[in-house]
2 protein chains.
Amino acid sequence: MAIAACCSPESTTPFTHDDATRLARVFAALGDPIRLKLFTLIARDPSQEVCACSFVVELQRSQPTISHHLKILREAELITGTKRGTWIWYSVNTQALSEVREFLS
Amino acid sequence: MAIAACCSPESTTPFTHDDATRLARVFAALGDPIRLKLFTLIARDPSQEVCACSFVVELQRSQPTISHHLKILREAELITGTKRGTWIWYSVNTQALSEVREFLS
DNA sequence: TTGATATATTGACAAACATCAATATATCAA
DNA sequence: TTGATATATTGATGTTTGTCAATATATCAA
């Protein structure tokens, strides 16, 4: 293979595969246009909390599809939802967000 | 639908679908553990430039697989590669990176 | 309790993705 | 030119993903 001819062989990956997988899941959660819009709508709402009911109309996707995308964002811990009666109010998990920001700096 | 009952109907997505798609592609590029490691290896190298030849051994993936992932990172404009003779030296596109960072803040 | 509404789950399907073996291209050295 | 090496492309395969219709669950109001 002769890789030693051009590269130092002992440089290693800076985190474990598990860490990489977990962080990759966060990026992947933002890696879809609909979820990116969902996240932005939640993050940029003046009240910092948004009820899910508008997303179907706003993003022109079916209710199950929106629900599915919100679940992915929740599982990546980018957002949290609290139920108040019939509605769920979403807000951004600022700690997860700063971890991502820290990785990128 | 009675969505007006809980949400102001005129709140709108803060960017176009095309913009969301383009930015989502950048996040998706980081949304795979192998690519996240590739990116990190390139970004954290002291010399700021890394030749591709070590990645096969380091990340335990075949050469075509590494080549494929590097292409995705390149197409997302997260990295750039310059050919010097037989080898290609990769470095991070810092401007694309700050655009992503800006989105997250 | 009955009806309406908000959200979640299931099942299905087409499209996209990660991966590798095989092959191709390009560069360098002898 | 010939052989070796670095990277890219192609083709194939199994897996994951985005989407929706149908259905389920939960909450509220009458």
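Labels below follow one simple rule: chain letters A, B, ... track the order of the sequence lines, proteins then strands, and each chain is numbered from 1.
- Each end of the helix from dT1(C)-dA30(D) to dA30(C)-dT1(D) gets its own axis from five base pairs, and the two axes differ in direction by 30°, given to 10 degrees.
- The phosphate of dT7(C) has neither OP1 nor OP2 within less than 4.0 Å of any side-chain N or O from K71(A).
- Not one N or O on the side chain of D45(A) forms a donor-acceptor pair closer than 3.5 Å with the backbone of V50(A).
- In this structure, CZ in F55(B) is found 14.5 Å from CZ in R61(B), a value given to the nearest 0.5 Å.
- The side-chain heavy atoms of L41(A) and L59(A), taken from C-beta on, include a pair separated by under 4.5 Å.
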* When every nucleotide of nucleotides 13-23 of chain D is labelled 5' to 3' by its protein contacts under 4.0 Å (heavy atoms), B for base, S for sugar-phosphate only, - for none, what sequence of letters results? -> -----SBBBB-

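- If you take CG of L38(B) and P of dT19(C), they are 10 Å apart, rounded to a whole angstrom.
- Counting only heavy atoms from C-beta outward, the side chains of V100(B) and F27(B) approach each other to under 4.5 Å.
- Distance alone, capped at 3.5 Å, is enough to place a donor-acceptor pair between the N93(B) side chain and the E77(B) backbone.
- Taking atom CG of residue L70(A) and atom P of nucleotide dA6(C), one finds them 15 Å apart after rounding to whole Å.
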For residues 66-75 of chain B, which side-chain donor-acceptor pairs fall under 3.5 Å, sequence neighbours excluded?
unit_1 : atom_1 : unit_2 : atom_2 : d
H69(B) : ND1    : R35(B) : NH1    : 3.0
R74(B) : NH1    : Y90(B) : OH     : 2.9

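- Rounded to an integer number of Å, the gap from I88(B) CD1 to dT5(D) P is 18 Å.
- Atom CD of residue Q60(B) and atom CD1 of residue I34(B) lie 8.5 Å apart, to the nearest 0.5 angstrom.
- Take R101(A) and apply the side-chain contact (heavy atoms from CB on, under 4.5 Å) test, not counting sequence neighbours, and it matches L97(A), S98(A), L104(B), S105(B).
- In this view, E102(A) satisfies the side-chain contact (heavy atoms from CB on, under 4.5 Å) rule with no residue, not counting sequence neighbours.
- dT7(D) atom P lies 11 Å from atom CZ of R74(B), rounded to whole Å.
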* Evaluate the criterion side-chain contact (heavy atoms from CB on, under 4.5 Å) for residue pair K83(A) and W89(A); output intermediate values, then yes/no. => CA-CA 6 Å; K83(A) 196 165 188 174; W89(A) 298 78; over 6 Å; no

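- Residues V92(B) and L78(B) are not in side-chain contact: their nearest non-hydrogen atoms beyond the backbone lie 4.5 Å or more apart.
- Note: CH2 (W89(B)) to C1' (dA6(D)) measures 12 Å, nearest angstrom.
- Of all the residues in residues 78-86 of chain B, T86(B) reach under 4.0 Å from DNA chain D with at least one non-hydrogen atom.
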